[in-house]
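Note that ligands are numbered from 1 as they come in the structure, with each ligand's atoms numbered from 1 the same way. Counting from 1, the numbers follow the sequence of the chain as shown. None of the values given here were measured: they were computed from a predicted structure.
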Amino acid sequence: MNRVHILNHPLLQHKLALLRDRNTGVKEFREGVGEIAALMFYEATRSLPTETRTVETPLAPAQVQVLSGKKLAVVPILRAGLGMVEPILSLVPSAKVGHIGLARDPETHAPTTYYCKLPPDIAQRQVFVVDPMLATGGSAVDAIDYLKQAGCQSITAMHILAAPEGVRRLQEAHPDVDIYIAAVDEGLNEHAYILPGLGDAGDRIFGTL
Ligand code: PRP
Ligand code: URA
């Protein structure tokens, strides 16, 4: 079963073009990340289960579909993942939020964990891990390892931009995880940045360049 979903949608690609542009400022970059996150979340939740209910419209009873099944949690990988959280919460306001803080070592590019805080009932929730960038894949793999150790069984990963290496690594480490990506680029440079990419997502979201 192919769990990698590349969302080749014109709106997403248009907004991604804005993020890639080096002349895009912090405000527009942050807004663009949020808009893309909401569009991706719309696709990533397409198969959430629903159940039938009846409501009274002003004219007659109507059979309606409402979300059922597991409650949701959004888990950003800090820092850049934070830029994807609020727009998702605007669609699912009752979702809980966990945080996993990972930073890549500039030499080895391996992530180290500096913060983790998850909702106590995370194991019972459908979890959406969000991080704009999937480069070597090390951060996403470690974050999902941690979520599985916490008992999570239903995990979806959402990344705006990926390198082929990162997609392969994440798929191999976690073949049960659905992966949603807006675009897969050519590869990585010697600093493990995605090429052509969009630069450092965290720095561009928070203006720390
Ligand atoms: C970036 C990005 C991912 C990670 C991707 O975070 O937001 O978390 O790198 O790289 P990987 O797939 O090779 O692990 P970074 O470590 O730069 O931290 P930041 O979000 O605080 O800037
Ligand atoms: N992290 C980023 O923010 N950008 C990259 O290209 C790779 C990792």
**Report entry** Among Ala110, Ser139, Gly137, closest by any non-hydrogen atom to atom 12 (O) of ligand 1
**Finding:**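 Ranked by closest heavy atom to atom 12 (O) of ligand 1, first place is Gly137.
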What protein heavy atom lies closest to [atom]? Include the residue and the distance to one decimal.
atom	result
atom 17 (O) of ligand 1	Asp200 OD2, 4.1 Å
atom 21 (O) of ligand 1	Arg79 NE, 3.0 Å
atom 18 (O) of ligand 1	Leu102 O, 4.0 Å
atom 5 (C) of ligand 1	Met133 O, 3.5 Å
atom 2 (C) of ligand 1	Asp131 OD1, 3.5 Å
atom 10 (O) of ligand 1	Arg104 CD, 3.3 Å
atom 13 (O) of ligand 1	Thr136 OG1, 2.6 Å

Query raised in the report: Going from CG on Leu147 to CD1 on Ile155, what distance comes out if it is rounded to the nearest 0.5 angstrom?
Result: 5.0 Å
Report task. Any chance you could measure Cys152, atom SG, to Ile122, atom CD1, to the nearest 0.5 Å? Result -> 4.5 Å
Query raised in the report: Going by the angle between their ring planes, with limits at 30° and 60°, are His5 and Tyr180 parallel, tilted or perpendicular?
Result: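 The arrangement is parallel - the two ring planes meet at less than 30°.
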Query raised in the report: Can Gly166 be said to touch ligand 1, with heavy atoms closer than 4.0 Å?
Result: no
Query raised in the report: Are any of the heavy atoms in Ala103 under 4.0 Å away from ligand 1?
Result: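 Yes, that is the case, since the closest heavy atom of the residue is under 4.0 Å from the ligand.
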Query raised in the report: Can you find an N or O of Ala80 that's nearer than 3.5 Å to an N or O of ligand 1?
Result: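 Yes, at least one N or O pair falls under 3.5 Å.
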Query raised in the report: Do ligand 1 and Pro132 have nitrogen or oxygen atoms that lie under 3.5 Å from each other?
Result: no
So, do [X] and [Y] sit near enough that their side-chain heavy atoms are less than 4.5 Å apart?
X	Y	result
Val130	Met40	no
Met84	Ile160	yes
Ile88	Met158	yes

Query raised in the report: For the residue pair Leu78 and Tyr114, what are the closest heavy atoms and their distance?
Result: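 Looking at all heavy atoms of both residues, the closest pair is CB-OH, 3.4 Å.
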Report task. Indicate the atoms forming the closest heavy-atom contact of Ala62 with Thr57, along with that distance. Result ->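 Result for this residue pair: CB-CG2, 3.7 Å.
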Query raised in the report: Near ligand 2, which residues have a heavy atom under 4.0 Å away from one of its atoms?
Result: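 Contacting ligand 2 under 4.0 Å are Arg104, Met133, Ala135, Ala192, Tyr193, Ile194, Gly199, Asp200, Ala201.
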Query raised in the report: Could you give all pairs that pass the side chain to side chain donor-acceptor pair (under 3.5 Å) test and reach residues 155-167, with sequence neighbours left out?
Result: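 Only Gln126-Thr156 qualify under side chain to side chain donor-acceptor pair (under 3.5 Å).
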Query - Evaluation steps, side chain to side chain contact (heavy atoms under 4.5 Å, CB included), between Leu198 and Leu161 - result: CA-CA 8 Å; Leu198 51 74; Leu161 211 49; 3.8 Å; yes
**Report entry** Residue from Ile205, Leu16, Leu18, Leu82 passing side chain to side chain contact (heavy atoms under 4.5 Å, CB included) with Val33
**Finding:** Ile205
**Report entry** Side-chain H-bond candidate by donor/acceptor type, Thr136 with Arg104, under 3.5 Å
**Finding:**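 Not at all, the side chains of Thr136 and Arg104 share no donor-acceptor pair under 3.5 Å.
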